[in-house]
There are 2 protein chains.
Amino acid sequence: MAERKLSSTNYYNQAFLEEKCALNELIYLLSKRWMTEVLFSIEAGNNRFTSLKDDLEHISDHILADRLKLLEQQGLIHKTHLPVNPPRTEYELSAKGAELSDLLDGLCNFAETQMQFQQFTTLIK
Amino acid sequence: MAERKLSSTNYYNQAFLEEKCALNELIYLLSKRWMTEVLFSIEAGNNRFTSLKDDLEHISDHILADRLKLLEQQGLIHKTHLPVNPPRTEYELSAKGAELSDLLDGLCNFAETQMQFQQFTTLIK
DNA sequence: CTGTATCCGATAAGATACTG
DNA sequence: CAGTATCTTATCGGATACAG
């Protein structure tokens, strides 16, 4: 995906916030579209690229590959390549990923019970 | 701030995800830059527009006003206008806001102890 | 099957100027 | 003091084509 431009207030402020508190880095990661859904889908047992893609319905190859890469880089999932033909790759949650998933469940419960958003859902039939 | 274009896969997918789980709406809200810092700064006792602006250092008027409006719309903070001259507005966390803040503390602790990011901080002197 | 490369539209953040 | 209006630029998500 696109590189970041190192000279810009935009970049500088992001760096400033991430320096200030790692929470900002974590939220930045999780806020990437489909990220939490990918995490939950792996937790639910979808351990292949294609099964994830089917489970998530509207995600593109490009984005799914990117999200898997980011999750792996952060040690939230483990990736196993099996040297067979056709190629086969399996994904699973790490202990760290499972811990994060639990924290997100808490947040999810808060969101479901305490918030009344409905900003973007009016379009869905 | 900018309006959303109702016809686009981009919009549709966001709506799809928010429909699927309110967590996606919450994270979308929290991921707006400075959002969590504004919340924490109000919690820390900065209850005026200017004191928030000073505390957060690099935030612009535009963005601070927008974040305060969003937090108020979601019932996470309360806003009080005092009809004096010069105008005086005070902000405080709601019970819901305090609850969210606690959940974020848990996430923050996870981020500080379990993650090793350091993606964007190399520029900061 | 599991991805990668390139291009483009949509959105968010920030700069600047201004106001009751 | 506490914002609002307008414009610009950076970044992200998605479409399409392609590859080992």
Side-chain angles (χ1 to χ4, degrees), chain A residues 1-17 24 27-35 37-38 46-54 56-72 79-91 119-120, chain B residues 1-17 24 27-35 37-38 46-54 56-72 79-91 119-120:
Chain A
M1 284 236 154
E3 291 298 309
R4 283 189 159 249
K5 184 164 285 190
L6 299 186
S7 60
S8 69
T9 306
N10 188 324
Y11 176 95
Y12 182 88
N13 280 346
Q14 181 68 23
F16 171 78
L17 288 172
N24 289 308
I27 288 183
Y28 178 73
L29 180 76
L30 294 176
S31 70
K32 287 175 177 294
R33 195 169 289 173
W34 304 100
M35 188 63 91
E37 298 299 329
V38 172
N46 297 295
N47 64 341
R48 305 286 300 284
F49 193 91
T50 304
S51 63
L52 285 165
K53 195 162 152 50
D54 292 344
L56 298 174
E57 294 189 68
H58 302 300
I59 197 172
S60 70
D61 293 352
H62 191 141
I63 299 296
L64 178 55
D66 179 72
R67 299 305 182 255
L68 288 169
K69 189 175 294 181
L70 289 169
L71 287 170
E72 194 199 6
K79 189 172 179 174
T80 312
H81 286 285
L82 304 183
V84 295
N85 200 302
R88 185 183 174 97
T89 307
E90 293 186 349
Y91 297 96
Q119 299 153 242
F120 298 138
Chain B
M1 284 235 154
E3 292 297 309
R4 280 188 162 250
K5 186 164 283 191
L6 299 187
S7 59
S8 69
T9 305
N10 188 322
Y11 175 94
Y12 183 88
N13 280 347
Q14 181 67 24
F16 171 79
L17 288 171
N24 288 308
I27 287 182
Y28 178 71
L29 179 76
L30 293 176
S31 71
K32 286 175 178 292
R33 196 169 288 173
W34 304 101
M35 188 63 90
E37 297 298 330
V38 172
N46 297 295
N47 64 340
R48 305 285 301 282
F49 192 92
T50 303
S51 63
L52 285 165
K53 194 162 152 51
D54 291 345
L56 297 174
E57 293 188 69
H58 302 300
I59 197 170
S60 70
D61 293 351
H62 192 137
I63 299 295
L64 178 54
D66 179 72
R67 300 305 180 256
L68 288 169
K69 190 175 295 180
L70 288 169
L71 287 171
E72 196 200 3
K79 189 171 178 173
T80 313
H81 285 286
L82 303 183
V84 297
N85 201 301
R88 186 184 173 95
T89 306
E90 293 186 352
Y91 298 96
Q119 300 155 240
F120 298 137

Ignoring backbone atoms, establish whether [X] has a side-chain N or O less than 4.0 Å from OP1 or OP2 of [N].
X: B/Trp34; N: C/dA13; result: no
X: B/Lys69; N: D/dG3; result: no
X: B/Arg48; N: D/dA2; result: yes

[X] [atom1] to [N] [atom2]: how many Å, rounded?
X: A/Met35; N: D/dG14; atom1: CE; atom2: P; answer: 13 Å
X: A/Leu64; N: D/dG14; atom1: CG; atom2: P; answer: 12 Å
X: A/Leu56; N: D/dG14; atom1: CG; atom2: P; answer: 12 Å
X: A/Leu68; N: C/dT2; atom1: CG; atom2: C1'; answer: 10 Å
X: A/Lys79; N: C/dC1; atom1: NZ; atom2: P; answer: 16 Å
X: A/Ile63; N: C/dC7; atom1: CD1; atom2: C1'; answer: 14 Å
X: B/Arg67; N: D/dT4; atom1: CZ; atom2: P; answer: 13 Å
X: A/His58; N: D/dG14; atom1: NE2; atom2: C1'; answer: 13 Å

Between A/Arg33 and A/Asp61, just flag the one whose closest nucleotide in DNA chain D comes earlier from the 5' side. A/Arg33

Which pair of non-hydrogen atoms, one from [X] and one from [Y], has the smallest distance, and what is that distance?
X: A/Gln14; Y: A/Asn24; result: NE2-O, 4.4 Å
X: A/Trp34; Y: A/Leu56; result: CZ3-O, 3.4 Å
X: A/Lys53; Y: A/Asp61; result: CE-OD1, 2.7 Å

Can you identify which nucleotide, out of [options], has its nearest atom closest to the [X] side chain?
X: A/His62; options: C/dA13, D/dA15, D/dC12; answer: D/dA15
X: B/Ser8; options: D/dG14, C/dA10, C/dA15; answer: C/dA10
X: A/Asn10; options: C/dT2, D/dA10, C/dT11; answer: D/dA10
X: B/Thr9; options: D/dG3, C/dG3, D/dA15; answer: D/dA15
X: B/Ala65; options: D/dC12, D/dT4, C/dG3; answer: D/dT4
X: B/Arg4; options: D/dT11, C/dG3, C/dT11; answer: C/dT11

Could you tell me whether a side-chain N or O of B/Arg33 sits under 3.5 Å from a main-chain N or O of B/Ile59, the two making a donor and an acceptor? no

Select base, sugar-phosphate, or nothing to describe what B/Thr50 touches, counting heavy atoms under 4.0 Å on all strands. sugar-phosphate

What contact category does B/Lys32 fall into here, base, sugar-phosphate, or nothing, at under 4.0 angstrom with non-hydrogen atoms? sugar-phosphate

Interatomic spacing from CG in A/Leu29 to CE in A/Met35 - rounded to 0.5 Å: 4.0 Å

